[in-house]
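Accompanying notes for the structure given below.
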Amino acid sequence: MGEKELNIEQEGLGFATMGGAPESKDLQHNVGPENNSRKEKRWSLADFDIGKPLGRGKFGNVYLARERESKYVVALKVLFKNQLQQSQVEHQLRREIEIQSHLRHPNILRLYGYFYDQTRVYLILEYAAKGELYKELQRCRVFSEKRAATYIASLARALMYCHEKHVIHRDIKPENLLIGSKGELKIADFGWSVHTSSRRRTLCGTLDYLPPEMVEGKEHDAGVDVWSLGILCFEFLFGTPPFEAKKHSDTYKRIVRVDLRFPSKPVISAAAKDLICQLLVKDSSQRLPLQKVVSHPWIVNNADASGIYSHAS
Ligand code: AMP
């Protein structure tokens with residue numbers, strides 16, 4: 001292994017239509033820890049047919065790929081070791097692999113496994129057929145209350161699952177959310193997540209989504225993810241994050257003051273605003289617990305119970 005280059009020019013690799021339940025089981029059995037007989041399986045590039053590029057990331061590219069034996073379609077993330085080393089993020093990647101590979105939730109992108117060669121590290125990821133939520137939000141500018149509530153409910157359930165396992169994501173934002181083939185939301189990118197039961201002090205993430213305790217460099221806990229849920233809910237409904245400002249220093253000040261102002265347009269229900277106000281609370285212990293987010297009237301009255309947003313709904 002190692003000699004075979006990624007051949008993205010290969011013909012006939014329109015895998016997008018190949019995903020489906022039977023293959024899904026196969027791959028999970030083949031690569032998942034569920035199957036003892038294949039537990040020791042070492043993956044290599046030779047096990048995959050490589051298809052079209054899906055996107056470009058900071059440390060490499062993501063390709064559509066199909067595992068040859070099971071025909072299961074995945075997304076193969078290719079990271080260059082030298083770039084990882086230069087940016088000193090090997091530790092972060094190890095943590096991301098360790099955490100994400102152990103999580104099993106319909107709204108969390110599966111990491112089936114990984115392998116490497118001399119120059120690259122490959123992550124075998126669940127394929128999110130409908131791509132980035134960020135692009136969808138850019139295309140639509142804002143989401144309807146039904147769509148926003150469906151996503152927020154899915155996120156709240158996925159975060160509840162993470163927090164039960166003492167995993168804090170810490171970097172929930174539209175760029176880290178993907179959409180599956182049925183329109184279901186998937187949390188991706190656990191690069192900044194931590195497995196912890198204690199309170200943390202590292203500054204990470206993008207300023208707009210950070211809670212007051214993190215921008216101020218104070219200790220933080222799972223409440224950071226609850227705050228980011230409030231930011232996302234606002235952004236889904238109004239098209240921009242609530243504390244956006246031209247200068248970083250002004251965003252910083254607005255976050256610390258919780259300078260929350262609702263634009264007059266689009267017209268949004270009082271129930272949606274109520275939920276946002278209960279999530280964007282300075283004192284992290286006073287933020288609405290995730291269990292109460294899913295039973296909030298706005299969620300109950302608007303979210304699709306299946307967690308799937310389709311244009312028909
Ligand atoms: P990343 O390096 O994770 O930022 O990925 C770069 C881009 O590749 C993303 O912005 C997505 O457009 C695409 N991508 C990454 N992972 C997947 C996936 N599992 N399924 C579909 N597209 C993906």
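Ligands are counted one by one from 1 in listed order, and the atoms in each one are counted from 1 as well. The residues of the chain are indexed from 1 along the displayed sequence. Below, all heavy atoms of this structure are taken into account, side chains as well, without hydrogens, waters or symmetry copies.
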Heavy-atom side-chain contact between [X] and [Y] under 4.5 Å:
{"X": "Leu133", "Y": "Phe236", "value": "yes"}
{"X": "Gln138", "Y": "Glu132", "value": "no"}
{"X": "Gln100", "Y": "Leu123", "value": "no"}

Margin query: Please report the interatomic distance CG(Leu159) to CG(Leu290), rounded to the nearest 0.5 Å.
Written below: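 One finds 6.0 Å between CG of Leu159 and CG of Leu290.
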Check: When clusters are formed by joining ILVMFWY residues with side-chain heavy atoms under 4.5 Å apart, either directly or through shared neighbours, do Phe234 and Val258 land in the same one?
Finding: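 Shared cluster, yes.
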Next item on the list: Please test Lys165 against Leu103 for side chain to side chain contact (heavy atoms under 4.5 Å, CB included), starting from the C-alpha separation and ending with a verdict.
Entry: CA-CA 9 Å; Lys165 294 193 170 308; Leu103 300 176; 3.8 Å; yes
Check: Taking any residue with a non-hydrogen atom under 4.0 angstrom from an atom of ligand 1, which ones do you get?
Finding: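 Heavy-atom contacts below 4.0 Å: Leu54, Gly55, Arg56, Gly57, Val62, Ala75, Lys77, Leu109, Glu126, Tyr127, Ala128, Glu132, Leu178.
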